[in-house]
Amino acid sequence: MNLEVILRAGLSTGTILIFAAIGEIIAERAGVMNLGVEGMMLIGAMAAFKVAYATQNAWLGLLAGILAGGILSLAHGLVIIHFQADQTVSGLSLTFLGTGLALVLGEGLTGLNTPTIPSVDVPLLSSIPFIGRIFFTDFNILVYIGYLMIPLSWYFIFKTRPGMHLRAVGEKPSAADTLGVNVYGIRYLYTFVGGCLAGLAGASISIAISPGWYSSLTTSGQGWIAIALVIFARWNPVPAALGGYLFGMLRRFTLDLQGPMTILGVKNPFFYDHNLVFFLQMMPFILTIIALLWGSGAARRKRKGTPAALGIPYIRGERGL
Amino acid sequence: MTITTGEFPYAVEMRDIVLRFPGVLANDHVNFTLKKGEIHALLGENGAGKSTLMNVLAGLYRPESGEIKIKGKPVTFNSPKDAIASGIGMVHQHFMLVPTLTVTENILLGLKEPRFIMRLAKYDKKILALQEEFGLKADPSANIWQISVGEQQRVEILKTLYRGADILILDEPTAVLAPQEIEELMQTMRILVDQGKSIIFISHKLNEVKAVADRLTVLRKGKATAEGIDPQGLSRADLAELMVGREVIFQIDKKAQVPGEVVLEVDKLSTTNNRGLAAVKGVSFSIRQGEIFGIAGIAGNGQSELVEAITGLRESEGSIRINGVEVSNCSPGKAINCGVAHIPEDRTGVGTAPNLSVTKNVIMKNYTESPISNGWRINYPAAHDHAVDLKEGYDIQTPTVETQARKLSGGNLQKLILAREISGKPQLIVAMQPTRGLDVGAIESIQKLLLEQRSNGAAILLISEELDELLELSDRVAVIFNGELVGQMDASQADLNTIGMMMTGSLRSNE
């Protein structure tokens with residue numbers, strides 16, 4: 001068990017969650033709850049893998065993955081923005097739709113080899129002692145993009161004009177509407193952006209961070225973890241990112257815990273014990289639930305974070321939000 | 001005072017405006033003109049078509065026919081954007097502000113400037129300068145949820161001014177304000193007009209209209225019953241008749257009567273608000289049969305929490321007895337069974353389920369009783385009959401009793417709530433702001449209903465910010481300040497000055 005390995009594994013696999021969680025934060029900040037993250041991730045992972053294989057070009061695969069997630073999210077957008085249907089129901093069905101499509105279209109992809117997005121060192125930064133070795137050496141390019149996306153998305157949401165419009169539409173669409181802000185247009189746009197990021201998250205699994213297509217095990221429930229992170233982070237990309245990395249580290253930690261025969265001189269109870277392995281694999285998810293309970297309790301106490309119009313269709317001229 | 005300048009005497013000219021909603025003719029060939037530099041009051045009952053007409057002017061609705069000219073030029077508005085571009089700014093009755101954004105952000109919302117990065121410090125300064133110019137103070141860097149209702153309204157006005165509006169529509173701006181704030185708003189309106197703005201002032205408070213308006217248009221059931229007349233010659237009764245279409249009795253008919261047994265006894269009641277802070281601090285009072293006990297006070301001094309404790313919606317310490325039975329910390333169901341009727345402040349959030357039909361809303365308290373329920377299922381024909389009875393008995397204006405409650409106007413929704421609460425023959429009625437935001441006709445009928453219940457021997461707890469109404473209806477009054485009752489007196493001996501001082505905490509007395 002090596003702390004450096006765990007930290008680096010957390011940064012690497014956490015990136016997947018960060019893309020998905022930031023996408024969901026952006027959509028939810030605009031008032032659109034999309035519980036279809038898992039489905040969008042899976043279809044993104046499948047499309048990226050399939051296109052990368054067919055074209056033998058990982059970058060085209062990445063683009064395909066992003067677009068696949070985005071296009072699927074538009075189905076959700078149509079149902080909840082245009083037809084003003086229930087967002088929870090539509091989001092859940094999107095997960096089924098995305099999963100189903102991905103499994104059918106991904107038939108026969110298992111075991112194939114595709115080109116992948118390369119891993120690189122960051123020039124200059126990688127030569128910083130210690131920090132450079134941990135954070136900027138031999139990571140997939142997407143991990144570095146993840147680094148950048150955290151401050152950029154935070155800045156976009158809280159410090160720019162489109163970000164302010166985004167938040168206004170999710171908090172009080174009627175106010176935005178009377179000032180000539182296109183509520184429906186903005187909701188469609190950020191639903192799509194959220195879908196693209198979920199697609200990117202999926203693609204970053206299948207053709208970058210842990211390459212391969214393993215049908216529904218490719219994402220293995222990470223879409224749901226991303227949604228939990230959004231709530232835990234109270235719709236703020238920075239804590240969501242920290243949570244994502246932490247979750248990545250936890251997963252690696254529980255894996256590594258099974259390796260050594262002794263820990264600090266004591267016999268390791270987890271050493272290749274098949275029953276306890278299941279328990280260990282469960283731990284990160286249990287911690288997610290605890291974090292969720294704690295996070296939502298804190299959010300309720302402080303009455304902040306949750307976009308006020310989240311999940312509520314906007315109908316012009318109706319009283320209320 | 002009429003100012004006519006140069007080429008366009010009228011800032012706004014609306015001719016023959018027709019707009020139909022499903023089942024209603026909201027505007028029936030309405031004419032409306034606004035001269036430059038005047039305050040033009042638009043009166044009418046709820047549902048008379050005032051807000052509809054103004055929403056047409058603000059570009060939210062498109063009229064079926066009719067012509068709109070702004071500063072002499074014919075226009076067609078396809079969206080609020082077009083109206084804003086023509087210099088029209090609307091301050092909505094329900095504020096259109098985003099609570100989590102700052103004052104400056106709310107003002108900048110929807111504009112092209114700043115292009116991308118918000119340099120808020122720079123814009124805060126610009127907003128401050130604008131505030132100076134028109135005397136509209138509100139801290140630019142504060143979030144909307146942190147500032148008072150009066151300040152929020154100023155932000156709404158600033159929003160329109162920042163966009164260069166010179167025609168302002170104020171939709172019932174005084175409905176949400178305390179008396180001092182109303183005075184300040186009228187000052188502001190005069191400053192704005194002096195600076196060359198023109199104002200449309202929607203109201204149904206007649207004294208305000210007479211105090212501030214140069215001209216007056218009255219709508220009734222979608223038609224104009226007076227177009228641009230001078231309000232000064234008219235009496236309060238004349239105006240009311242134009243609005244309601246019949247004579248309105250302003251005199252409240254309250255008979256002297258001797259109160260009976262004690263119904264409600266509240267002893268050393270304390271409770272906390274939603275943030276866990278002390279909201280009601282050791283309040284004691286009692287109300288007898290056939291007595292109205294009024295509590296005055298500025299909103300947020302513990303009124304809501306007191307009402308919620310009595311109606312079983314909030315945990316409390318101390319004692320609440322109804323006819324001798326202890327009900328504190330019991331469920332709302334227990335309170336209902338003890339004969340408590342609750343007329344809440346929030347009509348759509350607490351008082352009704354807006355998406356359910358009128359029928360379902362009126363049976364919400366007695367759905368377990370025969371004939372509406374026969375054991376375990378609801379007898380819908382009986383419920384329907386019950387609803388029709390109440391609709392007719394309480395004059396609730398609704399197409400059918402199957403209409404969703406949210407489609408009712410404020411006054412009719414309040415009548416629905418009263419019908420439900422009163423038809424259960426309550427022993428105690430807890431009424432919070434029962435006439436707030438209602439029009440003359442509706443206020444009259446609500447007050448009449450409350451007095452009827454008083455004659456029938458109900459004990460009534462009335463909480464209102466309308467001091468005149470409170471003093472006229474109540475037998476005894478008290479003032480609540482900072483969670484404490486700071487004075488209990490006979491309504492006949494109360495004077496407005498003393499009460500006003502108690503409301504702001506500058507006078508404390510217990511007798």
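Lettering follows sequence order; numbering is per chain, from 1.
Looking at R161(A), its side chain does come within 3.5 Å of a backbone N or O of L111(B) through a donor-acceptor pair. With H165(A) contributing its side chain and L109(B) its backbone, the two residues share no donor-acceptor pair below 3.5 Å.
Residue contact with chain A, scored on non-hydrogen atoms closer than 4.5 Å, is absent for R119(B). With a 4.5 angstrom heavy-atom cutoff, I84(B) touches chain A only via side-chain atoms.
Other residues, nucleotides and ligands contribute at most 12 non-hydrogen atoms within 6.0 Å of the CZ atom of F96(A). Counted within 6.0 Å of CD on Q146(B), heavy atoms from surrounding residues, nucleotides or ligands total more than 12; the atom is thus considered enclosed.
The heavy-atom pair separating V98(B) from E171(A) by the smallest distance is CG1-CB, 3.4 Å. Taking both residues in full, the closest heavy atoms of L179(A) and N106(B) are given as CD1-O, 4.0 Å, listed atom of the first, atom of the second, then distance. Residue M96(B) comes nearest to K172(A) through the heavy atom pair CA-CE, 4.4 Å, listed as atom of the first residue, atom of the second, then distance. For the residue pair A168(A) and L101(B), the shortest heavy atom distance occurs at CB-CD1, 4.2 Å.
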Show me, pair by pair, the donor-acceptor contacts under 3.5 angstrom made by side chains of residues 147-158 of chain A, not counting sequence neighbours?
{"unit_1": "Y147(A)", "atom_1": "OH", "unit_2": "F135(A)", "atom_2": "O", "d": "2.9"}
{"unit_1": "S153(A)", "atom_1": "OG", "unit_2": "M149(A)", "atom_2": "O", "d": "2.8"}
{"unit_1": "S153(A)", "atom_1": "OG", "unit_2": "I150(A)", "atom_2": "O", "d": "3.1"}

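Ranked by heavy-atom pairs shorter than 4.5 Å toward chain B, the options N182(A), T178(A), V181(A) are led by T178(A).
Within residues 84-92 of chain A, no residue has any heavy atom closer than 4.5 Å to a heavy atom of chain B.
In this structure the side chain of K159(A) never reaches within 4.5 angstrom of the side chain of I117(B), judged on heavy atoms.
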